[in-house]
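These notes concern the structure reproduced below.
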Amino acid sequence: MCRSTFQWCAFASFCIILLYLWTTGSKINKTPNAQVSLDFNSDLSTSSTLDLETELSFSSANISIINELSLTAILPVTENSLPNLRNILEPLVHPDTASVYLGEILLVSQDHIISNLRSELFTVMSQMEFSRHIQCSIRSWKDTLSESIALISAVVTSSTDWVLILEEDGLNNIDEDSRRALLNPPPIALPLGLRGVRLSHNASCITPSAETSLKASYLIPPFVMPKSLTAHVSERAASWADFGAYVSSIKFGDGRAGGIVLPQFSQNTPDMNWCSSIVQPTSDVLFSSPSLDPESLFSQWSSTSNPVDGFPIHTASLSDSPIIFGILLLSIEDLKAFAPVACHLEKRGHTLRISLYNGFSSEASSKLASLKHSLCTLSYRVLSADESPTTWLDAMEGHPEVIVTLSEMTEPLDGCSSTSIIRIPRKDLQHTQWMSSLTSHEWRDWSVPQVTLSIITKDRPQSLSRLLESITDARYFGDKVDLRANLEQSSDIETMNIIKNFRWPHGSMFVHHRVIHGGLLTAVAESWYPDSQDAYAVILEDDVELSPLFYAWIKMTLLRYRYGLNRGKAPHVFGISLYQPKNLELDLSGRRPFNASHVLLSTGIHALTPYLSPIPCSWGAVYFPEHWMEFHDFLALRFSEDVFNLSQIIVPNVRSNQWTRSWKKYFIELVYLRGYVMLYPNFPQHVSLSTNHLEVGSHVKIRSMEKRESFSVPLMKLGDATVAREVDLLDLPNRSLPPLASLPVLNLTGVPTTLDVLKETGMLRYLELGLCGDFAVSGSGSFNAYGFFPCGN
């Protein structure tokens, strides 16, 4: 029975009103005299309130009323909680406290205590009084799984439509009214609980309100929810934060709510002791100007975008002028492999002139044919025995601005001096789907960027062999890619022999062997120097491993943000990371877990949007020529101590100040003063184009399993023509890289910010250090670190 307390009656009224809304579709507004407010906290939304009818879409069509015995309790059992099993279970099943909705209890136990649990459960069940028959079962919890994955996996096996996920003490640590609310919940389409976390500038625990339900980025147990939320969750429950982001994405497409925190029914002060072990605060260092709220960040990041379904799509600035493409292949199988790209080109208004030519045709004259693909029907010609690629071009109606052909086709294409000719190996055709996102301007600039792979190695021959194998197995789509191998003076014989015997098939290979020991800082800084403004280097330490598609990511991002319509428009971007970090290392409080998707969701940005960050990546990244030359100048200036001594702190309140032998310390100083940023990938499940094996070396002295798991990320797989990859390069908003102006920005500690704030912060620090020069006047940077000099000189 309902107690006659104000708090519980208020909640009962709240539930009745909600049920009325969900079954009738009616709408109610907040009134001054209402016992319980129906307005939700708005911190996680771009709107001021959460409209229950339109935002949550709770209707009788998709949310059913909770029936008796349709609730399953999911209870984790550990070594600590097992001796107290009776006290934990009794409130759930005793006639005085049991809920009419509870029909099943699943006990989720770690493997090594299952036998003890069975024995204890048999004893406890024989001693307790039950209100009705309740099915109790045991589910295995593999020791390698997180709590969230183990409990969500158990949810999938439950036999009811609703689930109550408990902590290991069950409901014993919460007040009676909150316990009753969880055991007798309204049919809410989101997780509903007592403990929520909000992800915004900083992760913060939500203190329950006395009157109002509050939106949370995610909940931690105990909470109740419909089982249907776990239908396709897969690995997206690696943590409760991950699950909250997943729930929010399937309900809204953005980060407005991953759960709802119930009002505080008790008049006692809410118990927030659970918070200390959940939230790892983010230090809001590096900001001289007022912090930005998520709504203003969203507005700045998406100013060039059109909001659809709660998150921006990025198409506004990707204008694409229709042009003529010439496509010359050898066989119908080649065309089938390239068809996804060709169909997208055709759908975007481009004209395709497709022909097949093998040089051995027995046809007296060319013939027309068509290929029916799931995306379109492609018309093509089979060239006759008398035709050649040159005559094909001469007879073509209109001049092609881009020709796509095969690297195996060695016949000349005369008269194409103004045409961009792209020769792709046949084996790479089935991996070209990412090219469908390129604009005509980017296709025309295909051959302009020149990429060099620069490897730094010393005495880890097994690591070096793994890296060389991964770059050999990668796809380069016919591009010439040079290789530099940089050997330290103290390199061992095995390492030297590996480099000596290695053959690089995609370009020239240059070996640099130091005769005087330089250390890692010198080895990296001197590993490459650009010879033009179109020269780029992928800096690779030997404990890195690459995805077979790493070069495709480089090519796609370079063409989007450095060429085409963006040529010269991104002086603030200094490189492109291949690696997606799972940790942030610069906060003074120490290394902490990091998930960019959670941060972006909290500001209303699509979870899979690539982002900009000032942090230079040392585990596989492309560096741009003008910034790398400026870095050389900056290093020379710093080590000369002409401006200030080496002990001078440039960047306040970051751990990199302690990295006295790291090149990253000085790169961070440069980008901080300049307001520069690097582009980072942001694919699902931290899938990356490079990973680090964290092997013992200059900066790693102990290689523990825990450390390796903290930094190792899954590599994007190549897949094949018949099996779709779990994650691919076009797992992006609108299946395309967003416009440059709409990319979200994070600062050195992972806090959302803007490019203007980064630039302003750097300029202020520049002046605080007593520096003058072009930067202090214009704030634009000159790619010349010798512009740094003390005022008055």
Side-chain angles (χ1 to χ4, degrees), residues 40-41 43-44 71-78 80-81 88 92 106-108 110 141 145-155 162-175 178-179 181-183 185 188 190-200 202-209 213-227 229-230 233 235-249 251 255-266 270-282 592-595 597-599 601-602:
F40 287 79
N41 179 283
D43 284 355
L44 295 175
L71 178 68
T72 295
I74 310 293
L75 175 67
V77 180
T78 66
N80 293 331
S81 66
I88 295 170
L92 299 174
L106 299 184
L107 295 93
V108 185
Q110 293 169 322
W141 175 349
L145 298 181
S146 66
E147 178 192 67
S148 54
I149 290 181
L151 299 188
I152 293 297
S153 298
V155 168
W162 300 85
V163 291
L164 170 61
I165 297 182
L166 301 167
E167 59 179 340
E168 65 178 49
D169 291 327
L171 297 175
N172 288 347
N173 293 328
I174 63 175
D175 63 82
S178 296
R179 182 187 305 171
L182 290 174
L183 286 170
I188 273 189
L190 290 175
L192 181 72
L194 310 172
R195 301 168 181 172
V197 176
R198 179 181 299 116
L199 297 175
S200 185
N202 301 310
S204 58
C205 299
I206 296 173
T207 302
S209 165
S213 295
L214 305 175
K215 289 188 296 177
S217 299
Y218 67 93
L219 303 183
I220 67 165
F223 60 84
V224 65
M225 67 177 184
K227 176 185 174 181
L229 288 179
T230 65
V233 70
E235 296 181 0
R236 299 188 185 183
S239 67
W240 293 121
D242 284 337
F243 183 64
Y246 168 75
V247 169
S248 183
S249 68
K251 287 297 175 186
R256 283 177 280 176
I260 296 175
V261 178
L262 284 165
Q264 172 70 18
F265 301 114
S266 169
D271 179 10
M272 299 298 289
N273 289 331
W274 60 271
C275 180
S276 59
S277 62
I278 297 300
V279 176
Q280 303 198 28
T282 303
R592 60 182 175 83
F594 171 71
N595 189 312
S597 292
H598 296 166
V599 178
L601 281 170
S602 73

Across all chains, not counting sequence neighbours, the side chain to side chain donor-acceptor pair (under 3.5 Å) partners of Ser597 are Asn682
Residues at least two apart in sequence or cross-chain that pass side chain to side chain donor-acceptor pair (under 3.5 Å) with Gln110, listed by chain then number, are none
Can you say whether the rings of Phe243 and Phe223 are parallel (under 30°), tilted (30 to 60°) or perpendicular (over 60°)? parallel
Those residues at least two apart in sequence (or on a different chain) that pass side chain to side chain donor-acceptor pair (under 3.5 Å) with Ser148 are Ser146
Result for side chain to side chain contact (heavy atoms under 4.5 Å, CB included) between Pro222 and one of Ile165, Leu171, Leu183, Asn173 points to Leu171
- Just wondering, do Arg195 and Ile174 contact through their side chains at under 4.5 Å, heavy atoms? yes
Between Tyr218 and Gly244, the two heavy atoms sitting closest are CB-CA, 3.7 Å
Heavy atoms of Leu229 and Pro191 approach each other most closely as CD1-CD, 3.6 Å
Nearest heavy-atom approach of Val108 to Ala150 is CG1-O, 4.1 Å
Rounding to 0.5 Å, atoms CG (Leu166) and CG (Leu182) come to a distance of 8.5 Å
Side chain to side chain contact (heavy atoms under 4.5 Å, CB included) test vs Leu75 passes for just one of Asp169, Ile88, Leu151, Leu164, namely Ile88
Any heavy-atom pair between the side chains of Val599 and Phe594 that's under 4.5 Å? yes
In short, Ile74 meets Ala154 closest at the heavy-atom pair CG2-CB, 4.1 Å
Tightest non-hydrogen contact, residues Ser81 and Pro76, listed as OG-O, 4.1 Å
Worksheet item: Between Thr230 and Met225, is a side chain to side chain contact (heavy atoms under 4.5 Å, CB included) present by the stated rule, with each step listed?
Response: CA-CA 10 Å; Thr230 65; Met225 67 177 184; 3.6 Å; yes
Residues at least two apart in sequence or cross-chain that pass side chain to side chain donor-acceptor pair (under 3.5 Å) with Asn172, listed by chain then number, are none
Closest non-hydrogen atoms of Gly193 and Leu219, given as atom of the first, atom of the second and distance, are N-CD1, 3.4 Å
Output for pair (Leu262 CG, Ser178 OG), nearest 0.5 Å, gives 7.0 Å
Sorted by chain and number, sequence neighbours left out, salt bridge (charged side-chain N to carboxylate O under 4.0 Å, His left out) with Glu147 holds for none
